[in-house]
Amino acid sequence: LQNNIEIPQVTSMETWPSVHFKETGYAVLRSGTKTVVMKYGPHGGGHGHPDKLSISIHDGEKEIVSDMGTCAYGVPAFTKWYRKTLSHSTLTVDAKDQKESTGKLLAFKAYKDGGEVSAEAPDAYSGVTMERKLILKKNKLTDILTARSDEQHLYDYVLILTEKPVFSQTGEVIILNDSPSYNYIKNTIVRKQSSPLSCKIGKAYMKIEVSEGQEVITGEAPGIPPGNGSVLSKYDSPFCYPLIVRVKDKKLRIKTEWKF
């Protein structure tokens with residue numbers, strides 16, 4: 001800003017150890033250039049989003065699972081999509097936003113080639129306790145999210161993917177209209193089966209443990225907001241691709257395994 005010194009472009013990612021930021025409530029797991037982040041901490045005031053236990057995944061080149069941030073304040077999607085729980089990679093209950101709340105760290109361990117973290121969000125939804133555990137080891141990630149309640153709920157486990165997932169299994173067209181924010185997800189397909197469901201996302205592979213009665217829904221929605229040109233240039237499309245595992249029950253357990 002003060003002179004004409006040229007700063008060389010960074011062509012490779014630095015490698016850093018896994019770290020826990022206690023005050024802000026972020027856990028960052030790292031293995032080489034791969035990074036997985038879980039957010040569980042304070043809401044963040046007026047700029048906070050209702051996204052307790054949300055995650056993002058970066059493979060060293062770009063995000064696979066994105067925390068998209070926000071768009072220009074005057075755009076309708078600002079309040080109707082980007083600031084909704086549904087647009088984050090966490091759990092949505094009964095098609096409603098999470099309440100402003102602060103989660104709790106249960107455990108954090110850093111390893112030379114990864115780490116693990118578990119946290120809970122007991123106050124994000126009334127009567128529902130959410131817990132998530134991540135284990136990163138080299139290029140493999142295990143993600144386990146659980147929820148429990150004394151009453152039946154509609155649980156939507158959501159991953160906001162930056163590239164369209166490719167399945168070998170076919171599905172059926174479905175319309176999502178559970179709340180206005182769901183209307184932002186277009187071209188939706190539902191897949192129903194009671195065995196592990198695998199898909200390819202760019203260079204990454206993911207397997208979801210699917211139980212009887214669970215549905216896997218995919219579609220496309222507004223992606224990383226315009227104005228992030230250097231970021232958007234890494235992707236073939238301005239869309240994101242929500243993947244939703246839907247369960248109607250008193251409890252939920254979703255396990256996904258990644259190789260990236």
Side-chain angles (χ1 to χ4, degrees), residues 17-30 35-58 63-70 79 81-111 114-136 141-151 153-161 179 181 208 242-247 249-258:
S18 297
V19 61
H20 171 228
F21 296 98
K22 180 180 178 180
E23 299 302 323
T24 54
Y26 284 85
V28 182
L29 305 182
R30 296 191 179 104
T35 304
V36 182
V37 179
M38 182 198 288
K39 176 183 176 182
Y40 71 88
H43 177 70
H47 292 282
H49 288 195
D51 60 350
K52 290 296 161 288
L53 305 190
S54 65
I55 67 169
S56 60
I57 302 174
H58 197 290
E63 281 188 307
I64 305 170
V65 174
S66 180
D67 183 337
M68 298 185 293
T70 191
T79 56
W81 172 246
Y82 289 104
R83 286 181 65 92
K84 294 295 184 179
T85 300
L86 183 63
S87 68
H88 297 80
S89 299
T90 183
L91 185 68
T92 296
V93 179
D94 296 329
K96 298 177 181 179
D97 286 333
Q98 295 180 8
K99 298 187 298 182
E100 294 185 13
S101 65
T102 300
K104 177 184 178 183
L105 181 76
L106 300 177
F108 176 82
K109 296 179 181 179
Y111 304 130
E116 61 181 84
V117 59
S118 59
E120 67 174 358
D123 302 316
Y125 290 104
S126 298
V128 178
T129 297
M130 301 160 44
E131 186 175 326
R132 194 166 202 165
K133 182 176 184 178
L134 302 174
I135 304 171
L136 177 65
L141 171 69
T142 300
D143 172 19
I144 303 172
L145 191 148
T146 61
R148 61 186 184 275
S149 175
D150 292 332
E151 300 180 358
H153 294 278
L154 180 68
Y155 295 113
D156 280 342
Y157 164 95
V158 180
L159 293 173
I160 300 297
L161 308 174
S179 72
S181 58
I208 314 167
L243 184 153
I244 302 171
V245 182
R246 173 165 285 188
V247 181
D249 204 336
K250 292 183 178 180
K251 59 184 180 180
L252 165 82
R253 186 182 188 274
I254 302 293
K255 180 180 179 181
T256 59
E257 295 179 318
W258 292 80

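Side chains are part of it too, since the values below use all heavy atoms of this structure and drop only hydrogens, waters and symmetry mates.
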State, yes or no, whether a side-chain contact exists between I244 and Y155 at a heavy-atom distance under 4.5 Å. no
Which heavy atom of A95 sits nearest to which heavy atom of S179, and what is that distance? O-OG, 3.5 Å
Euclidean distance, F108 CZ relative to S118 OG, rounded to 0.5 Å: 11.0 Å
Let me see the working for L159 and I55 under side chain to side chain contact (heavy atoms under 4.5 Å, CB included), right down to the final yes or no. CA-CA 8 Å; L159 293 173; I55 67 169; 4.2 Å; yes
Taking every heavy atom of Y40 against every heavy atom of K52, the minimum-distance pair comes out as O-CD, 3.3 Å
Would you mind reporting whether T256 and Y157 have side-chain heavy atoms less than 4.5 Å apart? yes
CD1 of I135 to CG of L141: how many Å apart, nearest 0.5 Å? 9.0 Å
Residues forming a salt bridge (charged side-chain N to carboxylate O under 4.0 Å, His left out) with E120, sequence neighbours excluded: none
Could you measure the distance from the CG atom of L29 to the OG atom of S18? Nearest 0.5 Å is fine. 5.0 Å
Donor-acceptor pair, side chain of K133 and main chain of L145, under 3.5 angstrom: no
How many angstroms lie between CZ in R253 and OG1 in T146, if you round to the nearest 0.5 Å? 8.0 Å
Given side chains that start at C-beta, do those of H20 and V117 come closer than 4.5 Å, heavy atoms only? no
State, with a plain yes or no, whether a side-chain heavy atom of T35 is found less than 4.5 Å away from one of V37. yes
Can you tell me if NZ on K99 sees more than 12 non-hydrogen neighbours from other groups inside 6.0 Å? yes
Answer yes or no: is there a side-chain heavy-atom contact under 4.5 Å between L53 and M38? yes
Taking V93's backbone N and O only, do any of them form a donor-acceptor pair with Y125's side chain (distance below 3.5 Å, no angle check)? yes
With rounding to the nearest 0.5 angstrom, report the CG to OG distance, D67 to S87. 8.5 Å
Smallest heavy-atom separation, P17 atom then R30 atom, equals O-NH1, 2.9 Å
Could you check whether any side-chain heavy atom of W258 comes within less than 4.5 Å of a side-chain heavy atom of V65, counting everything from C-beta outward? yes
Would you find more than 12 non-hydrogen atoms of other residues, nucleotides or ligands less than 6.0 Å from Y26 atom OH? no
Is there a donor-acceptor contact under 3.5 Å from the side chain of S89 to the main chain of S56? no
Look at the aromatic rings of H88 and H49 and report parallel, tilted or perpendicular, splitting at 30° and 60°. perpendicular
As an exercise, state the distance from CD1 of I160 to CG of L243, rounded to the nearest 0.5 Å. 9.5 Å
Going through the distances and angles, do L136 and L134 end up as a side chain to side chain contact (heavy atoms under 4.5 Å, CB included)? CA-CA 7 Å; L136 177 65; L134 302 174; over 6 Å; no
Listed by chain and number, what are the side-chain hydrogen bond (donor to acceptor under 3.5 Å, both in side chains) partners of E131, not counting sequence neighbours? none
Where T85 and P50 come nearest, the two heavy atoms and their spacing: OG1-O, 2.7 Å
Nearest heavy-atom contact between G127 and S149 is O-OG, 2.9 Å
Do the side chains of L252 and L91 get nearer than 4.5 Å, heavy atoms only? yes
Considering residues at least two apart in sequence or located in another chain, which fulfil the salt bridge (charged side-chain N to carboxylate O under 4.0 Å, His left out) criterion with R132? D143
Among Q98, R148, H153, exactly one meets side chain to side chain contact (heavy atoms under 4.5 Å, CB included) together with V128. Which residue is that? H153
